[in-house]
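Side chains included, hydrogens not; waters and symmetry mates left out as well; all remaining heavy atoms used.
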Amino acid sequence: MKIELLYWDGCPSHPEALELLQTVLAERGLDVTVELHEVRTNEEAETLRFPGSPTIRVDGRDVDAAGAGERPALTCRIYHLADGRVSPVPSREQLEEALR
């Protein structure tokens, strides 16, 4: 299993996303190294199809398929939660589903 966390340093949410991801991995007993990748330029965002920070991919699939198609950019990302609220990080449920 390959897990990537792509982030833009201008967005303050990636440490929270990494902490949540590591918690979910530990709870599931998964000993997987999370590959961190800082996206630094708009060109790199385009090349990586980076819809904003933080972006988490499991085996190349975005944990939020609905948001994965947003225009690539150096920006903070918004996740839509099941109850209709928005969040700067994916939900625990989105992460757990992606790890199944």
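A 4.5 Å side-chain heavy-atom check between Val58 and Lys2 finds every atom pair outside the cut-off. Here the side chains of Asp59 and Met1 are in contact, with some heavy-atom distance below 4.5 Å. Residues Val32 and Leu99 have side chains not in contact (no heavy-atom distance under 4.5 Å, counting atoms from C-beta outward). A 4.5 Å side-chain heavy-atom check between Pro51 and Thr75 finds every atom pair outside the cut-off. In this structure the side chain of Val34 reaches within 4.5 angstrom of the side chain of Leu25, judged on heavy atoms. Side-chain contact between Leu48 and His37: present, with at least one pair of heavy atoms (C-beta onward) separated by less than 4.5 Å. The closest side-chain heavy-atom distance from Thr55 to Leu5 is not below 4.5 Å. When side chains are defined from C-beta on, Ile56 does not count as touching Val89, because their heavy atoms never get closer than 4.5 Å.
Around the CG atom of Asp31, the shell of radius 6.0 Å holds no more than 12 heavy atoms that belong to other residues, nucleotides or ligands. Within a 6.0 Å sphere centred on CG of Leu20, other residues, nucleotides and ligands contribute more than 12 heavy atoms. Dense packing is recorded around CZ of Arg28, with more than 12 heavy atoms of other residues, nucleotides or ligands lying under 6.0 Å away.
Between Arg61 atom CZ and Arg57 atom CZ the span is 12.0 Å, to the nearest 0.5 Å. To the nearest 0.5 Å, atoms OG1 (Thr33) and CD (Gln22) are separated by 9.5 Å. From Glu43, atom CD reaches atom CD of Glu46 across 8.5 Å, with rounding to the nearest 0.5 Å.
Between Val63 and Tyr79 the shortest heavy-atom distance is CG2-CE2, 4.5 Å. In terms of heavy atoms, Pro12 sits closest to Pro15 at O-CD, 3.4 Å.
Under the 3.5 Å distance criterion, the side-chain polar atoms of Ser91 are matched with a main-chain donor or acceptor of Gln94.
Residues Leu36 and Leu6 do not share a hydrophobic cluster, defined by chaining ILVMFWY side chains whose heavy atoms lie under 4.5 Å apart. Linking ILVMFWY residues whenever their side-chain heavy atoms come closer than 4.5 Å, directly or via other members, leaves Leu81 and Val24 in distinct clusters. Cluster annotation: Leu74 is not connected to Ile78 through the hydrophobic network of ILVMFWY side chains, with a link wherever side-chain heavy atoms come within less than 4.5 Å.
For the pair Glu27 and Arg92, the salt-bridge criterion is met [side-chain N within less than 4.0 Å of a carboxylate O]. With salt bridges taken as basic N to acidic carboxylate O contacts below 4.0 Å, one links Asp64 and Arg77.
For the side-chain contact (heavy atoms from CB on, under 4.5 Å) with Tyr7, the qualifying choice from Ser53, Cys76, Ser13 is Ser53, the only one to do so.
His14 and Glu19 are not linked by any side-chain donor-acceptor pair at a separation below 3.5 angstrom, with hydrogens and angles left out of the test.
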